[in-house]
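Structure, as structure tokens:
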Protein chains: 2
Amino acid sequence: MLQTAIEVEEAAVILKLMGDKTRLTMMKLIDHQACCVCEFVDIFKASQPSISQHIRKLRDVGLVKEERKGQWIFYSINKNHGYYPFVQQILDQVPSQDHKLKELDEKGTRIICC
Amino acid sequence: MLQTAIEVEEAAVILKLMGDKTRLTMMKLIDHQACCVCEFVDIFKASQPSISQHIRKLRDVGLVKEERKGQWIFYSINKNHGYYPFVQQILDQVPSQDHKLKELDEKGTRIICC
DNA sequence: TGTCTATATAAGTATATCATAATATAATTA
DNA sequence: TAATTATATTATGATATACTTATATAGACA
């Protein structure tokens with residue numbers, strides 16, 4: 001959890017990545033729990049490649065980490081990233097999106113794949 | 001200075017706008033003082049239309065306000081914007097860019113137009 | 001009024017972004 | 001091993017973005 005000095009250029013890169021409704025919601029969701037791709041596909045009513053590509057962008061700059069469990073890959077925020085404190089302060093101001101996961105629970109689609 | 005409930009969609013719009021090195025630096029600069037277009041042109045070594053277009057995007061969502069003084073138009077952060085507290089928390093984490101204005105002072109180009 | 005300076009807008013172009021469709025990989029299970 | 005499921009990657013196309021060049025507007029001042 002190194003606190004890195006924040007540079008304007010890198011802050012802009014991170015803000016741009018977070019400046020997308022899907023990615024911002026994703027990041028808020030996985031700030032407290034891990035989610036797999038199929039859950040995102042369900043939540044966002046998006047195609048699987050679309051979700052994978054959003055994740056890839058976050059992964060490319062190290063903002064998320066992955067953990068494979070069997071055939072599923074779970075993603076969560078990488079709290080060891082130098083800019084995580086910066087990211088966290090932003091996410092803290094964004095309203096919780098956990099109701100989206102609750103809907104999956106109720107539908108039962110969360111249990112199916114995880 | 002109404003504190004608006006933050007919505008993911010609108011937060012994403014603002015983060016996207018701030019996710020550009022030029023606009024982020026601009027916003028940091030005018031968080032504490034007003035600047036005119038010609039100063040930005042000088043600071044960013046950019047064309048005048050390019051700067052005007054960046055400002056327009058910020059103005060279109062109400063993040064900056066303008067004040068005409070003679071032939072110059074001075075821009076500053078609109079602290080009455082519902083999302084200003086959100087913006088401010090982000091800007092507070094970005095390092096000061098005032099040295100860029102100091103360079104203008106030293107060159108004398110700041111006085112010329114302002 | 002004409003000219004100069006500061007700024008805005010419009011048009012055009014190159015590049016970036018985001019989605020889809022098709023295919024590849026990797027683990028699971030019959 | 002073959003089929004299934006979850007995910008990643010690639011190619012492609014539509015749209016968005018950010019720059020440039022050219023032009024318009026608006027105030028200052030001779």
Practice problem: Count the heavy atoms of every other residue, nucleotide or ligand shown that sit under 6.0 Å from NZ of B:Lys21, and state whether that count exceeds 12. | Solution: no
Quiz item: Rounded to the Å, how far apart are B:Leu58 CG and D:dT17 P?
Solution: 13 Å
Give each protein N/O atom lying under 3.5 Å from an N/O atom of nucleotides 11-17 of chain C, with the pair distance.
| residue | atom | partner | partner atom | Å |
| --- | --- | --- | --- | --- |
| C:dT17 | OP1 | A:Lys16 | NZ | 3.2 |

Quiz prompt | Side chain A:Gln48 and base D:dA6 donor-acceptor under 3.5 Å | solution = no
Quiz item: Sub-3.5 Å donor-acceptor pair from the side chain of B:Glu39 to the main-chain atoms of B:Cys36, do we have one?
Solution: yes
Quiz prompt | Polar side-chain atom of A:Lys45 near backbone of A:Asp42 as donor-acceptor pair, under 3.5 Å | solution = yes
Quiz prompt | OP1 or OP2 of D:dT20 under 4.0 Å from side-chain N/O of B:Ser47 | solution = yes
Self-check item: Donor-acceptor contact below 3.5 Å, side chain B:Lys28 vs main chain B:Leu91
Solution: yes
Self-check item: Whole-Å gap separating P (D:dA6) and CZ (A:Phe40)
Solution: 16 Å
Exercise. Give a yes/no on whether any side-chain N or O of A:Arg56 is located under 4.0 angstrom from OP1 or OP2 of D:dA8.
Key: no
Quiz item: Roughly, in whole Å, what's the span from CE in B:Met26 to C1' in D:dA18?
Solution: 12 Å
Self-check item: side-chain N/O B:Ser50 vs D:dC19 OP1/OP2, d < 4.0 Å
Solution: yes
Quiz prompt | Main-chain N/O of B:Pro95 paired to B:Gln97 side chain as donor or acceptor, under 3.5 Å | solution = yes
Self-check item: B:His54, nearest nucleotide to its side chain (from C:dA19, D:dC19, C:dT20)
Solution: D:dC19
Quiz item: Charged N to carboxylate O below 4.0 Å: is that the case for B:Asp31 and B:Lys79?
Solution: yes
Practice problem: Round to a whole Å and report the spacing from NZ of A:Lys45 to P of C:dA19. | Solution: 15 Å
Quiz prompt | Contact check, side chains of B:Val61 and B:Ile14, non-hydrogen atoms, under 4.5 Å | solution = no
Please list each protein N or O that sits under 3.5 Å from an N or O in nucleotides 25-30 of chain D, with the distance.
none

Self-check item: Distance in angstrom units between B:Ile55 CD1 and C:dT9 P, rounded
Solution: 11 Å
Exercise. Among the candidates D:dA8, D:dT7, C:dT7, find the nucleotide nearest to the side-chain atoms of A:Arg59.
Key: D:dA8
Quiz item: Counting only N and O atoms by type, is there a donor-acceptor contact under 3.5 Å from the side chain of B:Glu10 to the main-chain atoms of B:Ile6?
Solution: no
Quiz item: Are the side chain of B:Arg23 and the backbone of B:Thr25 linked by a donor-acceptor contact shorter than 3.5 Å?
Solution: no
Practice problem: Using atom CZ of B:Phe44 as one end and atom P of D:dT20 as the other, report the distance to the nearest whole Å. | Solution: 14 Å
